[in-house]
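Chain naming here is simple, since letters A, B, ... match the order of the sequence lines and numbering starts at 1 in each. Worth saying up front: this structure is predicted, and the values here are computed from it rather than measured.
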Protein chains: 2
Amino acid sequence: MPMDLTNTDMEQLDELTCIKHAYQRGDFLYRSGAKFQSLYAIRTGFFKTQVLHEDGREQVTGFQMAGEIIGMDAISSDAHACDAIALEDSEVCEIPFSRMEELSRKLPSLQRHLHRILSREIVRDQGIMLLLGSMRAEERLAAFLLNLSQRFAARGYSPTSFYLRMTRQEIGSYLGMKLETVSRTLSNFQGAGLITIRNKSVEIHNLQKLQRFVGPPPECG
Amino acid sequence: MPMDLTNTDMEQLDELTCIKHAYQRGDFLYRSGAKFQSLYAIRTGFFKTQVLHEDGREQVTGFQMAGEIIGMDAISSDAHACDAIALEDSEVCEIPFSRMEELSRKLPSLQRHLHRILSREIVRDQGIMLLLGSMRAEERLAAFLLNLSQRFAARGYSPTSFYLRMTRQEIGSYLGMKLETVSRTLSNFQGAGLITIRNKSVEIHNLQKLQRFVGPPPECG
DNA sequence: GTCGAAACTTGATTTACATCAAGCGGCACA
DNA sequence: TGTGCCGCTTGATGTAAATCAAGTTTCGAC
């Protein structure tokens, strides 16, 4: 939780983030419809969030990793609007939201931080809307890999070599395509020498080239 | 702005919402990249928000009407992340955000309200992700019409008879399809007796039937 | 180590939607 | 009261991705 708090602020904030929990792969952090109590800061591990349509269709709405906050969708109606499921053994800090509201009334920097986090989620979602609404399969997958790359890099891991914690099916759900298309497109990237993919481990050989995939097809010449 | 405020709270809030502006059709309320100062409450009229990809592609991320708040995406980075454009002559209240933060530290009910608004936007976006990621064109358009219907109804207008303020192109951008597909699908709905559409005026004949379109194709029998 | 279920890859075929193309209609403006 | 443009509709054709269908690999449970 990087923010511009003084030490004493930090101490007060500690009161918030003290309830730690461990989850195993497959565990639900929360379920859609559950009463909202807390936000959750992921300390270690990997989660997915998904919304379920009444007709059984599901849409993965995000993959969350260490340092990210989830549960913000639940504030609006006091009930969670999606499921959050651990994709690997994970640790989270539970942040009781009423405490957070109370404290953020006293600490402007905490208040500001909370607002930014909420807003960042909105911006993230808009980016996914752009991706789902106006990109082709190849571009979506390239954008997805680059996004993971950046986030791993920001955490001190390699931006070019990492494990996918999720299945092809889950990637497909997130990106609005079928698992076969995910598999095929990854194979194409590999065939083009952009990446090496072996099961869930990815190696990106050329970030720039992959970046160039995210954009309109090169028919403009 | 319906909320549970006492009268004196209400008076303090009035200080916030006093800067009124008028916009004509086509005017920008704000542009992507502009410095963030304020949220905007739409009093009358109709807006669209859109994100622009560097390669020129654009994605409409929402249509906003009276009573709705826009500009929340800008909080995270102190700069607007999308354009907001009036689709008809409109009036908005500018809400300076620093004032709002200040005041919401004193008024827990305002604080709570702000958090709910931010969270509601997140939930809305997730719904659009579901729509874009896992629905067919027909379902998306049905869902779109039903959403407009509900929102008009909530404002005291007819849920079954209304004007579309946006072009087929804009609907298509929002729903991740081409304008021709929007046009064709609307024609199909009309052919099936679900709606009457004449230019931008829509009449929904059967909300239930339209509702049933939002769901998996009836192959389950 | 063996078995069985999931996850994944790859190919053949189908399909929903995009693209290309032409004509119509309503509205702003002269 | 025309006239030109933009938004819209509709048809013909093309194509990206879905679907259907094997076959292979991986991995967890026993």
Check your understanding: Side chains of B:H21 and B:E94: do they bring a donor and an acceptor to under 3.5 Å?
Key -> yes
d([atom1], [X]; [atom2], [N]) in whole Å:
{"X": "A:Q24", "N": "D:dG28", "atom1": "CD", "atom2": "P", "result": "13 Å"}
{"X": "B:K178", "N": "D:dA17", "atom1": "NZ", "atom2": "P", "result": "13 Å"}
{"X": "A:R168", "N": "D:dT24", "atom1": "CZ", "atom2": "C1'", "result": "14 Å"}
{"X": "A:I197", "N": "D:dT25", "atom1": "CD1", "atom2": "C1'", "result": "14 Å"}
{"X": "B:E170", "N": "D:dC8", "atom1": "CD", "atom2": "C1'", "result": "14 Å"}
{"X": "A:E138", "N": "D:dT15", "atom1": "CD", "atom2": "P", "result": "16 Å"}
{"X": "A:M135", "N": "D:dA16", "atom1": "CE", "atom2": "P", "result": "17 Å"}
{"X": "B:L179", "N": "C:dA22", "atom1": "CG", "atom2": "P", "result": "17 Å"}

Practice item. Please determine if a side-chain N or O atom of A:R198 lies less than 4.0 Å away from the OP1 or OP2 oxygen of D:dT26. Key: yes
Review point. Looking only at side-chain N and O atoms, does B:S187 come under 4.0 Å of OP1 or OP2 in D:dT10?
Key: yes
Review point. Is B:E180 salt-bridged to B:R168, going by a charged N under 4.0 Å from an acidic O?
Key: no
Practice item. Could you tell me whether B:E68 and B:R151 make a salt bridge, using a distance below 4.0 angstrom between a side-chain N and a carboxylate O? Key: yes
Could you check which of [options] has an atom nearest any side-chain atom of [X]?
{"X": "B:K200", "options": "D:dC8, C:dT10, C:dA7", "value": "D:dC8"}
{"X": "A:T181", "options": "C:dC17, C:dT19, D:dA17", "value": "D:dA17"}
{"X": "B:R184", "options": "C:dA18, D:dG11, D:dT9", "value": "D:dG11"}

Review point. Checking only heavy atoms, does the side chain of B:Q169 share a donor-acceptor pair with the base of D:dC6 at less than 3.5 Å?
Key: no
**Study point:** Any N/O donor-acceptor pair, A:E180 side-chain to D:dC20 base, under 3.5 Å
**Key:** yes
Check your understanding: NA contact type, B:T167, heavy-atom cut-off 4.0 Å: base, sugar-phosphate, or nothing?
Key -> sugar-phosphate
Practice item. Check the angle between the aromatic planes of B:H80 and B:Y30 and answer parallel, tilted or perpendicular using the 30° and 60° thresholds. Key: parallel
Check your understanding: Do A:F97 and A:F36 have ring centres separated by under 6.0 Å?
Key -> yes
